[in-house]
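Please read through the structure below; I'll follow up with questions.
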Amino acid sequence: MAAEGASATASAPGERIAIGISFGNSNSSIAITSVDDKAEVIANEDGDRQIPSILSYVDGEEYNGQQAKQQLIRNSNNTVAYFRDFLGQDFKSIDPTHCHASAHPQEHESTIAFTIQDKEGDEKSTVTISEIATRQFRRLKQSATDFSGKEVNSAVITIPTNFNEKQKAALTKSASDAGLEVLQLIHEPIAALLAYDARPESKVEDKNVVVADLGGTRSDVAVIASRGGMYTILATAHDYEYAGVHLDKVLQDHFAKEFIKWNSIDPRENARSLAKLKLEAEATKKALSIGTNANFSVESLAEGIDFASTINRLRYETIARKVFDGFNRLIEGVVKKAGLDVLEIDEVILSGGTSHTPKIASNMRSIFPETTTVLAPSTTPTAINPSELQARGAALQASLIQEYESEDIEQSTHPAVTTVKHLTNAIGVLAISGDPKQGIFTPVISAETAVPARRTIHISVPKEGGDVLVKIVEGGSHIKVSKPDPKPKTNGNKDSDDSDEDSEEDSDDEPEEQRERVWKVGNVLAEAAIRDTKKGSKIEVMINVANDLGVTITAREVGAKGGVRGNLSPP
Amino acid sequence: RYREASNLPLPVLPEGWAGEKDFKTTGRLSAATQRSIEPVGPHFLAHARRARHKRTFSEDDR
Ligand SMILES: Nc1ncnc2c1ncn2[C@@H]1O[C@H](COP(=O)(O)OP(=O)(O)OP(=O)(O)O)[C@@H](O)[C@H]1O
Ligand SMILES: [Mg+2]
């Protein structure tokens, strides 16, 4: 076993025992894959699968997770919480807001540290952020080791999409100092998507996915082009104003005001009372995700006075509306940023603890069209626990790569392999409906597909069979807006209209506009003739786009010999 | 592996259509965008393997 504090060096693939780790500012979780390649999140010694990323010290003894979180009430100075985002940062660039009620981060040499009494006696130590994170990783490693009965020595760890190289290096060092070889750092939303895609019932499809990761102190959203099981991030957004703690705050203020009404004491003015208020507000919030009513009850909330109250879900959703609207704006904004419309999103994955909230899922249901799948516990009974998605995804990736030599992993993740050309437009075949002159675009390969790519479709011949035309074209997706039966404008003076000229949503009495996704046919690429097809048969069209954007097309009648094959030179 | 297209049929071959070996090119693909694929998941690993060994899909199929 590695000596305390020794760095984990790359171990031979055969000796690895690897896990997946999600390490957030609020919670950490660990997952392993079983023999049948299923990932499962494992509980620590307290039985928790969501382990608060908190360390607390009492008489030289270290507490972690839920036990450390309880210490925020009585021992906040020696409790370190909400620290993940400080890794690899300059003191000047961090936001210490969430550390007001626990050990404060301070500038220390070129890094950040906490002054805590972490040993027996009165002596205080200055512990760097790197060391704090290492201690957290040691606890996670120990829990995983206890569970599996073998020493865990390597991990895939999830990171936000906006972590920079310094942050990645700092995180890797902290984990490695805890005796965990970092096999790979993977992006949080990708881990969540992989957790869903790895389910046996999921098909490999081309789809546009939004992953909304709503956590404790931050909300991160990504739009991902998922093409044949390969993932490309099209846009991301990060928000620190609307997250789980802001929902806690709403309930905190609500119950503080109620307490003031009865007792004329503001429990928010005393640190210990505030800490109790916060913890109970969070518990009440979580209870409201399951029940339509929840209790709020704290013994000796302030000046020895006990407090008990209740709230129903509707009231909660009303007072927290501003925060929920914040999530909606964030998510709608990033879809736009990706150059897409909500109609072009096939799947919304709600990830992170806050995603348990039913109201957030129902808001997604109304923002996105019916054709969009919303994966959240309250909308989809088979949804995966949103708090577990990232750790599961990380564990799945760990099991995929743990047999590889470290150099091979490094080589495969190198930009030389990962930076590739992506198609600007979809490529498809023209079919016909009523009007034979009017071609209907049938996509074969979606836009934003990485090359090389190959896709095959089967498409019907006309009823009578005979000679048919396979016309290969580029297509662009557009949103057609139409207003059914618009009322003529009676107001002759347009300038008096108080809404903006370009505003889509004019007055309320106009019929609601209809929005639909349509294809515009672009560039015609090639034509092929398939002769003498049988009644009711199908044509198989295969399009293969090479690295250099050269295209090979093959078309043949399904079940028949031969067929037509042709090439397009690269642009 | 293939996908079943919607049930709209292909058009009838226009009268007088001609192409060498029944194939005719009329254009080229539009320029592409450089983006990063995420090095995650089984399909990426297959991609990376093909890229490293400079293999095509059909060579990979065999
Ligand atoms: N059942 C639930 N209902 C509502 N909120 C919940 C539920 N379970 C957890 N949460 C909230 O989720 C948040 C924690 O989310 P998560 O575990 O994803 O955090 P994280 O990624 O560690 O956080 P951070 O955003 O701080 O980095 C907390 O605000 C917590 O109260
Ligand atoms: Mg998170």
Side-chain angles (χ1 to χ4, degrees), chain A residues 186-187 190 194 197 204 228-233 397 400 411-413 417-425 430-433 436 440 442 450-452 454 456-462 466-470 474 523-529 531 539-540 544 549 551 564-566 568-571, chain B:
Chain A
I186 65 172
H187 288 139
I190 301 298
L194 182 63
D197 279 354
V204 182
M230 289 214 278
Y231 310 125
T232 302
I233 297 180
Q397 180 68 6
L400 286 173
Q411 251 187 44
S412 295
T413 56
V417 176
T418 58
T419 310
V420 297
K421 291 193 182 91
H422 285 62
L423 299 179
T424 320
N425 299 302
L430 285 191
I432 49 161
S433 62
I440 307 282
T442 306
V451 298
R454 179 179 67 176
T456 305
I457 62 159
H458 284 188
I459 184 165
S460 312
V461 301
D467 296 351
V468 299
L469 175 68
V470 178
E474 285 189 313
N523 226 354
V524 179
L525 301 174
E527 292 181 353
R531 296 182 194 272
I539 303 296
E540 175 175 280
N544 196 335
L549 298 181
V551 183
V564 177
R565 183 189 172 93
L568 258 68
S569 326
Chain B
R1 252 189 302 122
Y2 65 89
R3 192 171 55 80
E4 205 63 62
S6 67
N7 44 21
L8 295 177
L10 290 168
V12 171
L13 192 68
E15 203 77 32
W17 187 96
E20 194 188 328
K21 289 186 177 162
D22 277 346
F23 188 86
K24 187 158 94 177
T25 59
T26 46
R28 290 174 190 198
L29 273 192
S30 305
T33 342
Q34 288 281 355
R35 293 189 191 273
S36 283
I37 41 179
E38 297 288 311
V40 174
H43 299 275
F44 170 79
L45 287 179
H47 161 87
R49 201 169 46 236
R50 279 190 301 269
R52 275 212 312 268
H53 302 301
K54 303 212 179 332
R55 265 193 308 208
T56 64
F57 286 108
S58 36
E59 284 162 355
D60 212 42
D61 284 346
R62 269 172 232 149

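Chain naming here is simple, since letters A, B, ... match the order of the sequence lines and numbering starts at 1 in each. Small disclaimer: the values here were computed from a predicted structure and weren't measured. Because only heavy atoms are used, hydrogens play no part in the values below, and waters and symmetry mates are left out as well, while side chains stay in.
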### Task
List for me each residue that meets side-chain contact (heavy atoms from CB on, under 4.5 Å) alongside B:Ala32, sequence neighbours excluded, and say none if there are none.
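Result, side-chain contact (heavy atoms from CB on, under 4.5 Å) vs B:Ala32: A:Lys421, A:Leu549.
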### Query
Which pair of non-hydrogen atoms, one from A:Gln397 and one from B:Pro39, has the smallest distance, and what is that distance?
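Closest approach of A:Gln397 to B:Pro39: NE2-O, 3.4 Å.
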### Task
Tell me, out of A:Val204, A:Thr456, A:Thr418, who's got the most heavy-atom pairs with chain B below 4.5 Å.
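Highest number of heavy-atom pairs under 4.5 Å: A:Thr418.
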### Task
Answer yes or no: is there a side-chain heavy-atom contact under 4.5 Å between A:Val551 and A:Leu525?
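No, side chains not in contact.
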### Query
Using non-hydrogen atoms only, which part of A:Leu400 is less than 4.5 Å away from chain B: side chain, backbone, both, or neither?
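Both backbone and side chain.
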### Task
Please flag which part of A:Asn544 lies under 4.5 Å from any non-hydrogen atom of chain B: side chain, backbone, both or neither.
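Interface part for A:Asn544: side chain.
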### Message
Among B:Leu45, B:Leu8, B:Leu29, which residue has the highest count of heavy-atom pairs closer than 4.5 Å to chain A?
### Response
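The answer is B:Leu29.
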### Query
Roughly how far, to the nearest 0.5 Å, is the OG1 atom of A:Thr442 from the CG atom of B:Leu10?
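Here the interatomic distance stands at 8.0 Å.
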### Task
May I ask you to decide if A:Asp467's main-chain N or O and A:Arg531's side chain share a donor-acceptor pair within less than 3.5 Å?
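Checking the backbone N and O of A:Asp467 against the side chain of A:Arg531, no donor-acceptor pair under 3.5 Å is found.
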### Message
Just so I understand: if I count every heavy-atom pair under 4.5 Å between each of B:Ala46, B:Ala31, B:Pro9 and chain A, which residue has the most?
### Response
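The answer is B:Pro9.
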#### Entry: Side chain / backbone / both / neither for A:Val468 at chain B, heavy atoms under 4.5 Å
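Both backbone and side chain.
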### Message
Any non-hydrogen side-chain atom of A:Val451 less than 4.5 Å from a side-chain atom of A:Leu423?
### Response
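Answer yes - side chains close enough.
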### Query
Using non-hydrogen atoms only, which part of A:Arg565 is less than 4.5 Å away from chain B: side chain, backbone, both, or neither?
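Interface part for A:Arg565: backbone (N, CA, C, O).
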### Message
Taking every non-hydrogen pair under 4.5 Å, which of A:His187, A:Gln411, A:Glu474 racks up the most with chain B?
### Response
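Going by pairs under 4.5 Å, I would pick A:Glu474.
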### Query
Given a strict heavy-atom distance threshold of 4.5 Å, which part of A:Glu527 is in contact with chain B: side chain, backbone, both, or neither?
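Both parts, backbone and side chain.
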### Message
Out of A:Ile186, A:Leu194, A:Ile233, return the one with the most heavy atom pairs under 4.5 angstrom to chain B.
### Response
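With the most close heavy-atom pairs to chain B, the winner is A:Ile233.
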### Query
So which of B:Pro14, B:Ala51, B:Gly41 has the largest heavy-atom pair count under 4.5 angstrom toward chain A?
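Highest number of pairs under 4.5 Å: B:Gly41.
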### Query
Most heavy-atom pairs under 4.5 angstrom with chain B, which of A:Ser460, A:Gly229, A:Ala529?
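Winner by heavy-atom pair count: A:Ala529.
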### Query
Could you walk me through whether B:Arg35 and A:Thr419 pass the side chain to side chain donor-acceptor pair (under 3.5 Å) check?
CA-CA 6 Å; B:Arg35 293 189 191 273; A:Thr419 310; over 6 Å; no
### Message
What part of B:Ile37 gets within 4.5 angstrom of chain A, counting heavy atoms only: side chain, backbone, both, or neither?
### Response
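Contact with chain A involves both backbone and side-chain atoms of B:Ile37.
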### Query
Checking B:Lys21 against chain A: side chain, backbone, both or neither under 4.5 Å from a heavy atom?
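Just the backbone, heavy atoms under 4.5 Å.
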### Message
Once side-chain contact (heavy atoms from CB on, under 4.5 Å) is applied, do any residues pair with B:Glu4, and if so which ones, sequence neighbours excluded?
### Response
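Per chain and number, B:Glu4 pairs via side-chain contact (heavy atoms from CB on, under 4.5 Å) with A:His458, A:Lys538, B:Tyr2.
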### Message
Looking at B:Thr26 and A:Val524, would you say the former's side chain and the latter's main chain have a donor-acceptor pair under 3.5 Å?
### Response
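Present.
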### Task
Answer yes or no: is there a donor N or O on one side and an acceptor on the other, between the side chain of A:Asn523 and the main chain of B:Gly27, under 3.5 Å?
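Side chain of A:Asn523 to backbone of B:Gly27, a donor-acceptor pair under 3.5 Å: no, none is there.
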### Top contributor to chain A interface from B:Ala48, B:Ser30, B:Gly19 [non-hydrogen pairs under 4.5 Å]
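Highest number of pairs under 4.5 Å: B:Ser30.
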